[in-house]
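Attaching a single structure in C-alpha cells format; questions to follow.
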Protein chains: 2
Amino acid sequence: MPERRTRADAVSNRARIVQVARELLASSSELPMNAVAKAAGVGQGTLYRNFATREALLAEVYRADVDRLVASAPELLAEHDAATAFRLWLDNVADYARVKRGVLAALEGGELAAGHHDPIAEAIDRLLAAGRAEGTLRADVGASDVLLLLGFLSRPEAADRAHHVLDLIFTGLRVR
Amino acid sequence: MPERRTRADAVSNRARIVQVARELLASSSELPMNAVAKAAGVGQGTLYRNFATREALLAEVYRADVDRLVASAPELLAEHDAATAFRLWLDNVADYARVKRGVLAALEGGELAAGHHDPIAEAIDRLLAAGRAEGTLRADVGASDVLLLLGFLSRPEAADRAHHVLDLIFTGLRVR
DNA sequence: ACCTGAACACCGTTCAAGT
DNA sequence: ACCTGAACACCGTTCAAGT
C-alpha cells in the first residue's frame, strides 16, 4: 500500500468548507449546503465529496467541542463521587448547548439507532456505571434514556430553564 | 352584522383538505403542502387560504385527539389522588405519541413561547397544582418544564423506552 | 367570495465535462 | 484525482386571472 498524497487544493478546500460552515452556524443556526459551497468558493460536488451528509459536516464542525465534553466525564469521575460527577457533567452539556445548539443537533443524528460507537453515549455509560457501583444512581437507566431526556436542550425555549430541568432529571435518576 | 353564508364548495374543500392530510400523515409522517393540495383536488391558494401554516393544518387534524387528552386530566383528578392522576396522564400522552407522533409535533409549534392559551399546558397546570396542594409533587415545577421533558416522545427512538423514561421523569417530579 | 395553477424562490443532490 | 457548475427534482408560497 503506497502512500497516497492528497492534493494540496483538496486539503485546503476541506479546511475552508469546515471553517465557513462554522462561521455560518455562528450567525444563523441554519446550514444550507449550497450556501456552504458558495461561501467556501467550491462547487457543490466538492462539498458532497468531502461530506456526504449535512450530519457529517456538523460532526466535523463540532468535533473539538464534543471531544472536550466526552473527555470531561473521566476527569470529573477522578475528582468527585459518581453522582456529583454526573451532575456536573450534565451542567457541562447544558453549557455547550447554550452556546452552540449544534452540538446537540449533531448528536441527535441517529447514531443512537445505528449503535455504532457514539462517544457521548460512552461517556454517559461510564458515569452511569460508576453511579451504579456506588449505589447512588438507578441501575435501570441506560445511556440512551439519558440521551432522550437531554434532547430538550436542543429546543430554543430551553435556554432559561435548562439548569432547572436538568435538576429534575438528575433527581429522577438518583437512588432515593 | 348580517349572517354570512359560507359557500358550499368552500366548506367541502376545507373538510377534504383536513381528511386528506389525516390520511397522508397515517402513511408517511411528512406532510408536503403541495401534496395535500393535489390529493385534495384544490389549488395551492385554496389550501393556504384555509390554513396559513402547516402548523395550523396539523392543529386541525389532531384537534379531536388533543381535546380528548386535555379532557382526561380533570377526569383522572376526579378519580385518583393528584400524583396518581399525573402518572396516569403521562401514560396517556405516551399512548397518543406512540400512535400519532403528530400530536406531539403539533404541540411543539411554539405556542408555548407565545403564551397564548395552550390547552395542553393548562391541563398540566391543573395536575401540577393539585399535586402541589397535596404535597406530593414538587412546587418548583411548571407546565413548561414538563412540556420540555415530554419532548423526547417525538423522537422515533422513544417508542420502546417511552414508559420507562416517563417513570424517570415522574420520579424526578415527586416530592421525596 | 372563492378558486385555480402558473410562477418564483429556494434547497438538496447528481453527474457530465473539464483540469 | 479532484474540481466545477449546470441540471434535475422537490418544496413552500404568492398572485394574476378566472368563475
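Here is the naming used below: chain letters follow the sequence lines, and residue numbers restart at 1 for every chain.
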**Study point:** side chain to side chain contact (heavy atoms under 4.5 Å, CB included) partners of B/A26, counting only residues at least two apart
**Key:** none

**Study point:** Which atom of A/G172 lies closest to which atom of A/R138, heavy atoms considered
**Key:** O-CD, 3.3 Å

Exercise for review: Provide, to the nearest angstrom, the distance between the CG atom belonging to B/L24 and the P atom belonging to D/dC11.
Suggested key: 11 Å

Point to revise | Pairing of A/R63 and A/D67 as salt bridge, 4.0 angstrom limit | key: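 Looking at A/D67 together with A/R63, the answer is no, because their closest N to O distance does not fall below 4.0 Å.
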
Exercise for review: Enumerate the residues from residues 40-52 of chain A whose closest heavy atom to DNA chain C is under 4.0 Å, giving them by residue number; use none for an empty result.
Suggested key: A/Q44, A/G45, A/Y48

Revision key, fill the gap. Across all chains, not counting sequence neighbours, the side chain to side chain contact (heavy atoms under 4.5 Å, CB included) partners of B/T84 are B/H80, B/D81, B/L88

Review point. In chain order, what residues pass the side chain to side chain contact (heavy atoms under 4.5 Å, CB included) check against B/A129, with sequence neighbours excluded?
Key: B/R132

**Study point:** Within 6.0 angstrom of B/R126 CZ, more than 12 heavy atoms from elsewhere
**Key:**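 Check fails, neighbour count at 12 or below.
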
**Study point:** A/L31 vs B/R7, nearer the 5' end of DNA chain C by closest nucleotide
**Key:** B/R7

**Study point:** d(CG, A/D9; C1', C/dG18) in whole Å
**Key:** 14 Å

Practice item. Would you mind reading off the distance between B/N34 atom CG and C/dC10 atom P, rounded to a whole angstrom? Key: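 Atom-to-atom, B/N34 to C/dC10, this comes out as 17 Å.
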
Review point. Can you check the A/E30 CD to C/dC11 P distance for me, whole Å?
Key: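 Atom-to-atom, A/E30 to C/dC11, this comes out as 8 Å.
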
**Study point:** Residue pair B/A158 / A/L148: nearest heavy atoms and the distance that separates them
**Key:** CA-CD1, 4.1 Å

Review point. DNA chain C in dot-bracket, Watson-Crick or G-U pairs under 3.5 Å, [ ] crossing, | other strand?
Key: ||.|||||...|||||.||

Review point. Residues from residues 10-18 of chain B sitting under 4.0 Å of DNA chain C, heavy atoms only?
Key: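 The answer is B/A10, B/N13.
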
Check your understanding: Does a donor on one side chain sit under 3.5 Å from an acceptor on the other, for B/E134 and B/T136?
Key ->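 There is such a pair (donor and acceptor under 3.5 Å, judged by atom type) between the side chains of B/E134 and B/T136.
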
Check your understanding: What are the two closest heavy atoms between A/L127 and A/A82, and how far apart are they?
Key -> O-CB, 4.4 Å

Practice item. Apply side-chain contact (heavy atoms from CB on, under 4.5 Å) to B/M33 and B/R54, showing your working. Key: CA-CA 7 Å; B/M33 294 297 262; B/R54 192 204 324 284; 3.9 Å; yes

Practice item. Heavy atoms only: give me the nearest B/I17-B/N50 pair and the separation to one decimal. Key: CD1-ND2, 4.1 Å

